Amino acid sequence: MERTYEPTPSPAPSPDIRQFLATQLNPPQMDAVSHGDGPLLILAGAGSGKTRVIAYRIAYIIRERQIPPWQILAVTFTNKAARELTHRVTELTGEDQARQVRMGTFHGLCARFLRSEIELLSRRYDRNFTIYDTDDQLRVLKRQFAEAGLNPKLVSPNAVLGAIGRLKDRLVSPAQAASASEAHNPFETAVATLYRRYQDALEAANAVDFGDLINLMLQLLENFPDVRQRYANRYRHVLVDEYQDVNEAQYRLVKAIAGDHRNLTVVGDDSQAIYGWRGADVRYILQFEQDFAECTTVRLEQNYRSTQTILVAAQAIEAGLTKRHAKELWTANRKGDPITGVVAGNETDEAQFVIREIDRLVVTGIAYRQIAILYRTNAQSRVLEEQLVRRRLPFQMVGGTRFYDRREIKEVIAYLHLLVNPYDADAFRRAGATRKGLGDTTIDKFVAWAAETSRPVVDGLISLLRAEATERPAPLINGAVEPDLDERSGVLGPLPWNRRAHELLLAYARDLDALITGLRTLSLPDLLDLLLKRTGFREYLLEHRDDNGEERWDNVQELKSVVTEYGASGADEGLRLFLENAALVSDADTIRAGPRDDVVTLMTLHTAKGLEFPAVFIVGMEEGIFPHSRALEEGNIDEERRLCYVGITRAMQSLYLVGCRSRSFRGMFVENDPSRFLRELPGELVRWVDGNGFRLDAARVMAMQSGAWPGHGASRAAGYWGGGTATGSPPNGSLPPVDPNRPPPPGAPTPIRPWSGQATRVGGPSASRQPSSGPSGLGIPNIREFNGPAPTPLRPGLENISGLRRASDLTPGIGRAQTPPAPPAPPSPTYGLDERVRHPSFGDGTVIEIEPGRGTEVMIQVKFDTVGVKKLSTGLAPLTRIP
DNA sequence: GGAGCTCTTGTTTTT
DNA sequence: CAAGAGCTCC
């Protein structure tokens, strides 16, 4: 096929489309959406309608430019984002077209591409490759420690796995890692050795890890020009979301596909780059204008999400960054309430404050689902969970331990993996370990035997069965099976295990054989049933495991309900789809609550990226927790700062930043200083309270801002406030007054690291698998059909208070919307007296009073049938009319 | 091979 | 503190 990359002349949008877009988008958004061919950089501040712009742009390319949808490739980082984008594009173009657009995550898309291409790349892989997750990786790696005679106590396998991951992010091969330039100390030498072995083990198992998904695809594109041409030709329009989070491999992947035609749109915000630890490099977005010199840059600087107060606070944190793209967010939203800064006593007080405050918010008409509690580390969720359960507040945790990471689930899935990928030795071991009587010794012997005789593990096992089925059962000589068991496929050779082990292996083989047959004849749910029954999995869990056997069995039952959703296709195809999902999909993606569930959401700050909530609590605002001690040690404060920026900008109306003086972990009490991020908040924006909600007096606020928890040893606080100003180094290693650009003082105590802990999760995967818009539903405007312009839902009365507009005001053509375009906030519904309404928490009720609230807010009083009279804001309360 | 015990150790974020 | 590794004993 001839490939030419002449830019299609970009026709001026037809007037009606342009007119319609003008009602939906502000001018810079419109510029981005209607940009023609060639590279486009969209710098999209928090809450500036980024996803909306991508969705509209895809729709625009299809509808207006008449590009076939299958020529469009849209890449995201998370499944959540991919799903949201699919959802929005579907609303704009209809299902038929949207389905043809190739949308997905980097990893998901690469997995998909590799299924059809990987055999070109190396004969060591085939299309049935298994995707190993972190747990699988670690198992394989630990085995390499043993085989290489390395002591896992001297070098931590986790650290080595991290190092290998980072090498892969930078496209460093095992051979390169072993070279002098990479390995210049004992650790790196060990890493190089283990990396080589690890990679060999993966290849032998026909398995790839997350890094391989990207890197193998890249190799394919870079080493096979015809393949690259094929992809570049097919995907004539490439869009990449969260571009600030790409690593080198991903960057080169994008370039390999879009480098020729250059129809590349990247969207991102360098202030929200929070994945440096995963190899992401902000540099790529900062350099986009050099990489693609002819690119057009559009800045989306109008924030539709947050109050001015919240935005200004976020910018105060952002201001401490050492480098960033020039970009100034502004909002036409109201000033809003002050931020609440909370000084609690300990982590229980912290949790109790949050809960009391949630109670209060709910009384004012906020629904549980409009509230999020965010924390730096998953371990912090535990106290919150305990208290929430105690107070019977409905909540969901997003993330934490993945459902598919549970041991019993991994064990069942290991069996399933074996049916698809007979080379998967790790799955063989894992499934084998659940079989009564089969121990490591026999399994090791078997795996070694299979490797020596060049048999995939499953084939080797089945061959035992075949040999047994011949006329001559295996006689034993000196406890070993007779060496020359003959069958059509050849001689098995000496089998180095005893009769008892042999019987156990045969039973394993019979089970797998039956399952392989089942793969052809049964539905996927039935196949799983057969698996559980034949292997006696329930008995194994109940007898064999800890006291939680019942609970574990319940989890397996959950797995059955998940699998049912893949039952439409045949077991074989359904199984492949299911396994791919199990490897690539996190709980954050599957366990998303449907819009019906009125629950408070708990998650990490990282997980919260891309979401928004009317009320947000960020807890653990302490040095060592947030910013995290490890980041402090490594001098990575910028990334923590960006994470804080992300957290703050999740909030639409109410923001609480909560920290505590002391916290117990590992059985000890530790005291951290207040987070620098707390202290950097502009004082006039914050209402400071203690854990009981009582206002802090001025002296205590000042103490707080100087780096000490107020009220904690009054003398201590008074001590360095005696002089009236906070210059000089305070005693006790407390931090000096706010100066975002200053590194921590040399004398600062080493912050104590947070402890780890297992976060338990509520709800199973089936609890909420229905597609949903997530908890952010409230703030996302309805997207109307392209061809059916709807009246613009002007948000009533969002007057620009107090002249807080930013520099963008002065920049011609940027960020200034004459008519505020459809802001991402729902129009406040109006209600009439005596109207019947429904609230997700309070039930049904009757409107008995309507009165003006703050600003343009309208407050109504509703007499609920069961809970009495409540005063609610029509803009915020999730009310629906009952006909 | 496996149960039950003590000891060590490791602590971020996720595709 | 809790999970995992390592040890002993059956």
Side-chain angles (χ1 to χ4, degrees), chain A residues 75-82 104-111 131-134 137-139 142 145-146 151-153 156-159 162 165 168-169 208-214 242 245-247 249-250 273-280 374-380 382 398-402 405 407 433 435-443 498 500-501 504 543-546 580-581 583-589 603-609 620 624-634 636 639-640 642-643 646-647 664-668 752-760:
Chain A
V75 193
T76 64
F77 273 86
T78 64
N79 296 294
K80 185 174 66 192
T105 64
F106 269 104
H107 297 272
L109 290 166
C110 284
I131 301 169
Y132 276 5
D133 64 22
T134 314
Q137 289 177 280
L138 205 57
R139 281 168 60 97
K142 282 178 179 169
F145 268 79
N151 184 352
K153 281 180 187 161
S156 135
N158 263 316
K168 288 192 175 185
D169 289 334
V208 303
D209 63 19
F210 291 128
D212 290 340
L213 283 173
I214 311 291
E242 307 279 17
D245 287 333
V246 295
N247 65 24
Q250 290 158 336
I274 54 176
Y275 286 106
W277 53 274
R278 218 167 71 181
L374 310 181
Y375 34 80
R376 179 68 234 280
T377 67
N378 279 305
Q380 287 168 261
R382 241 181 69 192
V398 181
T401 317
R402 244 174 39 122
D405 284 342
R407 187 160 164 186
R435 305 184 64 89
K436 201 173 173 80
L438 250 194
D440 287 345
T441 320
T442 304
I443 290 180
N498 63 28
R500 180 173 172 272
L504 290 163
E543 294 163 17
H544 225 344
R545 258 300 141 55
D546 41 35
E580 190 118 326
N581 252 277
L584 293 177
V585 167
S586 71
D587 269 10
D589 305 310
M603 65 190 142
T604 65
L605 287 153
H606 282 86
T607 309
K609 184 154 83 155
I625 303 279
F626 188 32
H628 193 270
S629 55
R630 188 130 163 197
L632 291 172
E633 282 162 25
E634 291 166 6
N636 245 347
E639 186 146 312
E640 298 292 298
R642 291 189 293 258
L643 189 56
V646 167
S664 89
F665 51 83
R666 271 154 94 183
M668 292 184 303
I752 299 173
R753 297 184 200 161
W755 74 112
S756 73
Q758 213 44 49
T760 48

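In the text below, chain A, chain B and the rest are named by the order of the sequence lines, each starting its count at 1. This structure is a prediction, so every number in the text was calculated from the model and none was measured.
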Does a nitrogen or oxygen in the side chain of A:R500 sit under 4.0 Å from OP1 or OP2 of B:dG1? no
Hey, are A:R630 and A:E633 close enough for a salt bridge, meaning a charged N less than 4.0 Å from a carboxylate O? no
For A:T78 and B:dT14, is the shortest distance between a side-chain N/O and OP1 or OP2 below 4.0 Å? no
Rounded to the nearest Å, what distance is computed from the CZ atom of residue A:F145 to the P atom of nucleotide C:dG6? 12 Å
A:N378 side chain N/O closer than 4.0 Å to the phosphate oxygens (OP1, OP2) of B:dT13? yes
Let me know, please, whether A:K153 or A:F77 comes out on the 5' side of the other along DNA chain B by nearest nucleotide. A:K153
Indicate whether OP1 or OP2 belonging to B:dT12 is found under 4.0 Å from a side-chain N or O atom of A:S629. no
Rounded off to whole Å, could you give me the CG-to-P distance for the A:L213 and B:dT14 pair? 19 Å
Write down the distance between CD (A:Q380) and P (B:dT12), rounded to a whole number of angstrom. 12 Å
Comparing A:I443 with A:Q137, nearest DNA chain B nucleotide closer to 5' gives the residue A:I443
Closest heavy-atom pair and its distance - A:L605, A:V646: O-CG1, 4.3 Å
According to a strict under-4.0 Å criterion, is A:S156 in side-chain N/O contact with OP1 or OP2 of B:dT9? no
From CG of A:D440 over to C1' of C:dG6, roughly how many Å is that when rounded to an integer? 13 Å
Could you check whether A:H628 and the base of B:dT12 form a stacked pair, meaning centres closer than 5.5 Å and planes differing by less than 30°? yes
Taking only side-chain nitrogens and oxygens of A:K436, does any of them come within less than 4.0 Å of OP1 or OP2 of B:dG2? no
Is the distance from the ring center of A:H107 to that of A:F77 below 6.0 Å? no
Taking any heavy-atom pair under 4.0 Å as a contact, classify A:D133: base, sugar-phosphate, or nothing. nothing
Nearest listed nucleotide, side chain of A:T441, among B:dT14, B:dG1, C:dA2: B:dG1
Considering only atom P, compute the distance from C:dG4 to B:dT13 and round it to an integer number of Å. 15 Å
Any donor-acceptor pair, under 3.5 Å, between the side chain of A:W277 and the base of B:dT12, if you only look at N and O atoms? no
Give the minimum heavy-atom separation between A:D212 and A:K168, together with the two atoms involved. OD1-NZ, 2.7 Å
Does A:D245 pair with A:R278 as a salt bridge, N-O distance under 4.0 Å? no
Starting the side chain at C-beta, find the nucleotide from B:dG1, B:dT13, B:dG2 nearest to A:T377. B:dT13
Between the base of B:dT13 and the side chain of A:R278, is there a donor-acceptor distance below 3.5 Å? no
Under 4.0 angstrom between A:T134 side-chain N/O and B:dT14 OP1 or OP2: no
By the 4.0 Å heavy-atom rule, please label A:K142 as base, sugar-phosphate, or nothing. sugar-phosphate
